[in-house]
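What follows is a short report on a single structure.
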Amino acid sequence: TPVQNDLQEFFTLV
Amino acid sequence: MFEATFNQASILKQVLEATKDLVNDANWDCSAEGIALQAMDSSHVSLVSLSLRGDELASYRCENQISLGINMNTMTKILKCAENNDRTIIRADDDADVMVFVFESEGRDKTSKYEMKLMDIDSEHLGIPEQEYSATVQMSSKEFSRIVRDLSTIGENVEITVDKEGITFGAKGESGSGTVSLKSNPSVDEGSSNITIDLTDSVKLNFALRYLTFFTKAAPLSDNVSLSLSADVPLMVEYAIGDVGFIRYYLAPKIDD
């Protein structure tokens, strides 16, 4: 089954 | 001093319906330009970004930038005290600990006023990079809601494929599978699926239907929805809010284990 990515892997904290 | 007037309460009601399932508490960042909200869901899988332009509202003023910490469920309950057509004013003084709501009936013969306590919210603000998407699909928001609802009866995830033929949504579950395909064909008659696809590369990505279901709560805001996809980046789902602004959702893709 596919594993859910975390959004913070794509967007950086500012 | 911050004060925004909406000709109808319905826009704010719909915005809250479109966000409250994803986000419990959020800062409403108000500036001279307008109102912005950015918040992630508690599992850090999706993000909602709301933008309302002050100059497109019935009236708007905000001298100093101010962040209003709002419990979305409380605000939803207060907005339920307004009729859809009530003129709605939201107001907060600088350094205020409450937001004031004023609802005026269409005939101006009834005025209601509510105060809601504001909260201190430590929010993490994410920078969203400018992204050229491989595929952007514009379609009916009702149709998108329908597909998400239908495929949720089959499985937990949806595989979205966009190629030059069109867009296909597919779900698999323990009891079976289902697919819905919409053809991209600008020459078809009016009244057909009315879908436009801007494609540079074919894409195929997996997403959790649970979050797409939350996003479709924004459908009353707009007849159309736009889905933007690229390989290995979050999906962007956008609903325009008339000329006033937009609500955008981002959802991280699922990857094969």
Side-chain angles (χ1 to χ4, degrees), chain A, chain B residues 22-23 27 29 36 38-49 122-131 133 155-160 170-174 204-212 214-215 228-237 248-257:
Chain A
T1 50
V3 177
Q4 179 67 58
N5 268 308
D6 191 313
L7 201 63
Q8 291 174 116
E9 291 170 29
F10 303 96
F11 299 155
T12 46
L13 283 170
V14 291
Chain B
L22 279 172
V23 181
N27 279 320
D29 298 316
Q38 192 207 78
M40 272 190 291
D41 74 281
S42 57
S43 58
H44 293 185
V45 166
S46 70
L47 178 144
V48 56
S49 170
D122 279 333
S123 69
E124 296 168 317
H125 208 83
L126 292 180
I128 301 166
E130 283 287 315
Q131 177 78 41
Y133 289 98
E156 291 179 2
N157 302 320
V158 61
E159 185 180 74
I160 302 179
K172 286 187 189 134
E174 284 177 15
K204 183 184 281 200
L205 287 165
N206 267 292
F207 299 101
L209 280 162
R210 170 181 155 77
Y211 292 92
L212 295 182
F214 292 144
F215 302 171
S228 299
L229 305 99
S230 281
D232 305 321
V233 304
L235 163 75
M236 182 177 79
V237 179
R248 288 180 188 153
Y249 302 93
Y250 296 86
L251 177 59
K254 288 192 150 192
I255 46 162
D256 281 323
D257 200 1

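To find a chain, count down the sequence lines: A is the first, B the second, and so on, and within it residues start at 1. A quick note: this is a predicted structure, and the numbers were derived from the prediction, not measured.
Nearest approach of L7(A) to P234(B), heavy atoms of both residues: CD1-CG, 3.8 Å.
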I'd like a table of all donor-acceptor pairs linking chain A to chain B (distance under 3.5 Å, no angle check), giving the atom names and the distance to one decimal.
| from | atom 1 | to | atom 2 | distance (Å) |
| --- | --- | --- | --- | --- |
| V3(A) | N | I255(B) | O | 2.6 |
| V3(A) | O | I255(B) | N | 2.7 |
| Q4(A) | NE2 | A252(B) | O | 2.9 |
| N5(A) | N | P253(B) | O | 3.2 |
| N5(A) | ND2 | P253(B) | O | 3.0 |
| L7(A) | N | H44(B) | O | 2.9 |
| Q8(A) | NE2 | H44(B) | ND1 | 2.7 |
| T12(A) | O | G127(B) | N | 2.6 |
| V14(A) | N | H125(B) | O | 2.7 |

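L212(B) is linked by a side chain to side chain contact (heavy atoms under 4.5 Å, CB included) to F144(B), V148(B), V158(B), F207(B), L209(B), F215(B), L235(B), L251(B), counting only residues two or more places apart in sequence or in another chain.
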